[in-house]
There are 2 protein chains.
Amino acid sequence: MTGVANPKRLPRAVREQQMLDAAVRVFADRGYHGASMDEVAELAGVSKPMVYLYLGSKEDLFGACIRREAARLMERITSAVHDAATIECRLVSGFEAFFGYVAEHKDSWNVLYHRARALGPPFADEVDRARHDIIDAVTGLVDQRGASAGEAGALSHALVGAADALAEWASRTGEPATVTTARLMNLVWIGIERQIDGASWRPASS
Amino acid sequence: MTGVANPKRLPRAVREQQMLDAAVRVFADRGYHGASMDEVAELAGVSKPMVYLYLGSKEDLFGACIRREAARLMERITSAVHDAATIECRLVSGFEAFFGYVAEHKDSWNVLYHRARALGPPFADEVDRARHDIIDAVTGLVDQRGASAGEAGALSHALVGAADALAEWASRTGEPATVTTARLMNLVWIGIERQIDGASWRPASS
DNA sequence: CCGTAACCTTACCCATCAGTAAACTTACTC
DNA sequence: GAGTAAGTTTACTGATGGGTAAGGTTACGG
């Protein structure tokens, strides 16, 4: 019983959330295959059959974790971007929200980015769909003038990838989200503007 | 016996490479915990005790895979960058080499990027060290004038992260490495130049 | 104060899989 | 063509861990 003290009987909805909290943590620490249902149950302060009763199989549990955490992340970003006028503002708000989320919910980010993405079709697809929702939103920002087909999509992927890497960096150095956002904007904003305007870099030498 | 036909006895050095080939594939497909030594042995066309005799434990085997694949990737990039004069040329050559490698050795990239990175200290450190060698090289390129402390480091992380994401994109669309490289340069080159010159973007609103 | 339903546990089964013991077979040397 | 070392296998063990059966305990409505 090293889990949080749960001396009392609790309603199902509460227990389920506790189990999901524990599961996110264990999956974040050990990965899908490395995690054991016993450990999840223990950390949740509950016996194993409870987990199976409420959340189903290990796959079901992992799926539930992914859905909950992805929804939280998405909600944070979309609500931040919601009331920003210009493209630049939306990008800045989105990045700040993202970096803030990763800093405050490392386990959640770990499960989504490191663990789920590394898995086969059942789960990687789920999280990739969420990722693509973000990328598509970015693409929409960058491609308002309907530029060349793949251009904007590739750019969005690169942008999100850069943000991922910077999030990791920032969570190690502990710098505030606004600073990290400035770094990223500093690197890519002119390139994005150029994409919006249709200009492009040409290879000079090889 | 679904593995490659190995009807004959082979010298140790050859068998070891076959085993590593098989291991890289299985680890790429299933992840460290999901992979079984039986499957590795079968795919290598050999029985399990051979794997243990030649490569040691599962951890040893995974470590050997990581080291071999990381060395291959590093060697390809460094040799490509070697004879390029300007910063711009070095970046372009490095990116092209990287995208080319990922396209041609998906399993290798998968193990290094998705599988090993998602693991705990023993392996993640190993591959992170290789990753940092690359990032440091990029930092050296970008920070030749000795700019502000963290700036160049953060930029390199973002750059490598963007490259990772684009590599994934490129491996899905199948576009040639030169095109992907142009996309990336198009996005970040001006920002990099600005970093080299010491200029910086400043948040305007929000 | 009794029933019943929601909450929760102990104790087990069995498949998978890392790792090994012991022996067999081919090739190469002297 | 004996001797031996390298290459290789079959057949096992022991632990881990997903999943379940059967039953115990608290709350709460009637």
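Chain naming here is simple, since letters A, B, ... match the order of the sequence lines and numbering starts at 1 in each.
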Inset, instruction - Not counting sequence neighbours, which residues clear side chain to side chain donor-acceptor pair (under 3.5 Å) with A:Glu104? List them please. - result: A:Arg76

Legend entry - Partners meeting ring pair (Phe, Tyr, Trp, His ring centres under 6.0 Å) with B:His105 (sequence neighbours left out): B:Tyr101

Inset, instruction - May I ask you to say what A:Ala35 touches in the nucleic acid, namely base, sugar-phosphate or nothing, with a heavy-atom cut-off under 4.0 Å? - result: sugar-phosphate

Legend entry - side chain to side chain contact (heavy atoms under 4.5 Å, CB included) against B:Glu16, all qualifying residues, sequence neighbours excluded: B:Arg12, B:Tyr54, B:Leu55

Inset, instruction - Select base, sugar-phosphate, or nothing to describe what A:Leu53 touches, counting heavy atoms under 4.0 Å on all strands. - result: nothing

Legend entry - Residue-level proximity of residues 19-34 of chain B to DNA chain D when a heavy atom falls under 4.0 Å: none

Legend entry - C:dC7 OP1/OP2 closer than 4.0 Å to side-chain N/O of A:Tyr54: yes

Inset, instruction - Give the rounded distance in Å between these two atoms: CD of B:Glu16 and C1' of D:dT8. - result: 15 Å

Inset, instruction - Give a yes or no on whether a salt bridge exists between B:Arg72 and B:Glu75, defined as a side-chain N under 4.0 angstrom from a carboxylate O. - result: no

Inset, instruction - Not counting sequence neighbours, which residues clear side chain to side chain donor-acceptor pair (under 3.5 Å) with B:Asp21? List them please. - result: B:Arg68

Legend entry - B:Glu126: partners by side chain to side chain donor-acceptor pair (under 3.5 Å), with sequence neighbours left out: B:Arg67

Legend entry - Pairwise side-chain contact, A:His33 with B:Arg30, heavy-atom cut-off 4.5 Å (strictly under): no

Inset, instruction - Considering just the side-chain nitrogens and oxygens of A:Arg15, establish if one lies under 4.0 Å of OP1 or OP2 belonging to C:dC8. - result: yes

Inset, instruction - Could you tell me the separation between the CZ atom of B:Arg12 and the P atom of D:dA5, rounded to a whole number of Å? - result: 16 Å

Inset, instruction - Would you mind listing every ring-ring contact (aromatic ring centres under 6.0 Å, His included) that reaches into residues 57-80 of chain B, with sequence neighbours excluded? - result: B:Phe27-B:Phe62, B:Tyr32-B:Phe62, B:Phe62-B:Phe123

Please list, one pair per line, the donor and acceptor atoms closer than 3.5 Å that link side chains of residues 152-166 of chain A to other protein atoms, with sequence neighbours excluded.
from	atom 1	to	atom 2	distance (Å)
A:Ser156	OG	A:Thr139	N	3.3
A:Ser156	OG	A:Thr139	OG1	2.7
A:Ser156	OG	A:Ala152	O	2.8
A:Asp164	OD2	A:Arg131	NH1	2.9
A:Asp164	OD2	A:Arg131	NH2	2.9

Inset, instruction - Answer with base, sugar-phosphate or nothing: what part of the nucleic acid does B:Ser47 contact at a heavy-atom distance below 4.0 Å? - result: base

Legend entry - Letter per nucleotide, 5' to 3', of nucleotides 19-30 of chain D [B base touched, S only sugar-phosphate touched, - untouched; heavy atoms, 4.0 Å]: BBB--BBB----

Inset, instruction - Please report how far the helix from C:dC1-D:dG30 to C:dC30-D:dG1 bends, comparing the axis fitted to its first five pairs with the axis fitted to its last five, to the nearest 10 degrees. - result: 0°

Legend entry - Atom-pair distance (CE on B:Met50; P on C:dA21), nearest Å: 17 Å

Legend entry - Partners meeting side chain to side chain contact (heavy atoms under 4.5 Å, CB included) with A:Asp136 (sequence neighbours left out): A:His132

Inset, instruction - Kindly write out the residues that satisfy side chain to side chain donor-acceptor pair (under 3.5 Å) with B:Asp107, not counting sequence neighbours, or none if the list is empty. - result: none

